[in-house]
Amino acid sequence: MGEPVYQLLGVTRVYGARKVLDIASLDVYPGEILGVVGPSGAGKSTLLRLLGFLETPTSGAMAFRGQRVNGGAPSLAVRRQVTMVFQRPVLLSDSVYANVAYGLRVRGVTDARERVEKVLDLLGMLPLRKEAASTLSGGEAQRVALARALVVEPEVLLLDEPTANLDPAHVAIIENVIRQARERTGMTIVLVTHNVFQARRLADRVALLVSGRLVEVAPTKTFFESPSAPETHAFISGEMVY
Amino acid sequence: MLGSALRQAVQLILSLESEVLRIVLLSLRVSVTALAFSTLMGVPLGAWLGLRRFFARRLVIAAIYTGMGFPPVVVGLAVYMLLSRSGPLGSLGWAWVPGLFTPGAMVIAQVIIATPLVAGFTMAAVMGVDPNLRQQLISLGATSWQATRAVLREARQGVVVAVVAGFGSVISEVGAVMLVGGNIEGSTRVLTTAIVLETHKGNFSLALAMGLVLLAMTFAINIAVLRLQGKAYG
């Protein structure tokens with residue numbers, strides 16, 4: 001599976017007196033889709049924000065491609081290899097096109113047009129490219145959020161509930177694009193979702209996070225068919241685990 | 001009365017009588033210069049206050065809010081005392097410090113009046129931008145400065161309002177320019193001080209006519225600004 005993209009060892013994140021994350025050990029491998037599931041408040045988003053360098057661990061060691069990164073924000077060059085799609089995307093009050101081109105513009109890419117239009121087409125948003133972002137529906141905005149992340153072709157794509165509150169048609173579009181993006185570019189994807197079925201459809205490996213701790217990390221088939229932890233069994237069968 | 005004032009206002013504008021024209025141009029020159037300085041200082045200050053959290057930030061904001069409601073005549077008095085020959089600045093005799101009763105002194109007073117307004121409104125506009133936007137742009141690869149510029153761009157409508165409010169406050173104020181300018185004919189007389197003078201002289205229709213000129217000028221400038229603003233994406 002090659003050298004891990006991320007290596008986390010004894011990583012914790014504390015807010016005030018509350019320890020929201022306590023990861024004994026987690027490796028993320030290049031080119032995989034790692035699904036992270038768990039009840040709300042389990043620390044899924046916090047984990048993602050650590051991986052996206054938007055927060056730093058309170059303690060423990062975190063390495064990105066063999067380089068220690070837990071001592072504050074890494075260099076711009078490292079930071080630009082990782083892009084996150086947020087659960088509640090905030091778009092610029094500009095056109096759809098300008099929103100998707102943003103990541104390329106800040107990187108000084110001049111011939112952005114073809115790349116932007118290709119990604120928009122992939123997501124079925126090409127006809128709306130001149131629309132103001134403020135006029136989009138929730139599902140359309142979510143697709144623009146995915147498009148603006150994909151267009152920069154990051155090494156790592158972090159997805160925080162990319163299809164929360166969307167109708168099934170939108171969910172199918174987004175899941176297809178995520179799958180295609182991985183196949184085409186071999187990017188590493190960490191997908192946070194409260195939806196176990198989505199994790200099962202997309203992920204190569206699935207991790208269960210409960211109260212900030214990793215209960216189980218296993219290949220998707222194993223995770224769903226023969227989980228080793230009783231909490232995993234309870235979670236995938238729909239019983240509460242907290 | 002209003003009818004004759006209107007007629008006189010139109011005549012004033014059409015005839016471009018040299019003294020009235022000079023008054024109009026000086027009003028514009030003083031207020032636009034002051035506004036340029038206020039924008040250069042107030043917009044960055046407001047953006048900084050809106051984006052950053054730091055020690056004594058509340059104190060600075062309270063000071064700005066106080067400045068937004070400062071009576072122009074008190075600002076005029078302070079500048080008067082600063083610049084007078086026995087004042088702390090006037091007594092230095094430095095060449096770049098404008099003397100009392102000059103357009104330069106009027107600009108200084110108006111900068112002090114307009115800057116808190118520009119900074120305060122800019123701060124409110126920047127704080128109105130979704131705080132999550134900045135982080136999402138950083139995650140897309142923006143540098144801190146690039147993200148800040150994007151947030152300012154999001155707040156642009158509010159920044160335009162800030163500049164317009166600053167302009168409105170200085171073009172229409174009379175207390176400060178009267179004190180530090182002295183309403184000297186042919187040198188520091190502006191529209192507002194001229195209106196006061198003509199009213200005292202009993203030339204009500206001339207005063208009213210100049211008032212209408214002032215109103216029309218402000219209206220025209222605001223229309224121009226709104227046209228600029230209209231080009232932005234909603």
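Just so it is clear: chains get the letters A, B, ... in the order the sequence lines come, proteins before strands, and each one is counted from 1.
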Are any of the side-chain heavy atoms of B/E154 and A/D94 separated by less than 4.5 Å? no

Where B/R156 and A/S93 come nearest, the two heavy atoms and their spacing: NH2-O, 3.3 Å

Find out whether B/Q146 and A/Y102 are in side-chain contact, i.e. whether some heavy atom of one side chain is under 4.5 Å from a heavy atom of the other. yes

Which atoms of A/V82 are under 4.5 Å from chain B, going by heavy atoms: the side chain, the backbone, both sets, or neither? backbone

Could you look at A/P154 and say if it's the side chain, the backbone, both or neither that has a heavy atom under 4.5 Å from chain B? neither

Sidechain-backbone polar pair: B/R153 side chain, A/L92 backbone, donor-acceptor under 3.5 Å: no

Kindly check if the number of other-residue, nucleotide or ligand heavy atoms within 6.0 Å of OH (A/Y6) is above 12? yes

If you tally heavy-atom pairs under 4.5 Å against chain A, which of B/L137, B/V151, B/T143, B/N132 wins? B/L137

Hey, is CZ on A/R184 packed in by over 12 heavy atoms from elsewhere, all under 6.0 Å? yes

Engaged part of A/R88 at the chain B interface, taking heavy atoms whose separation is under 4.5 Å: both

Straight-line distance of A/F86 CZ to B/S139 OG, nearest 0.5 Å: 4.5 Å

Test item: A/R49 and B/Q135 side chains (from C-beta on) under 4.5 Å apart, heavy atoms: yes

Crowding at CZ, B/R29 (>12 non-hydrogen neighbours, <6.0 Å): no

Just wondering, are more than 12 heavy atoms of other shown residues or ligands nearer than 6.0 Å to CE in B/M217? yes

Go through the atoms of A/L54 and report whether side chain, backbone, both or neither lie under 4.5 Å from a heavy atom of chain B. both

Is A/R148 in contact with chain B via its backbone, its side chain, both, or neither, using a 4.5 Å heavy-atom distance? both

Side chain from CB out, backbone as N, CA, C, O: work out which of these in A/L91 comes under 4.5 Å of a heavy atom of chain B, or both, or neither. backbone

Indicate yes or no: at least one non-hydrogen side-chain atom of B/L140 is less than 4.5 angstrom from one of A/V152. no

Within a reach of under 6.0 Å around CZ of B/F54, are more than 12 heavy atoms found that belong to other residues, nucleotides or ligands? yes

Around atom CZ of B/F167, are there more than 12 heavy atoms from other residues, nucleotides or ligands closer than 6.0 Å? yes

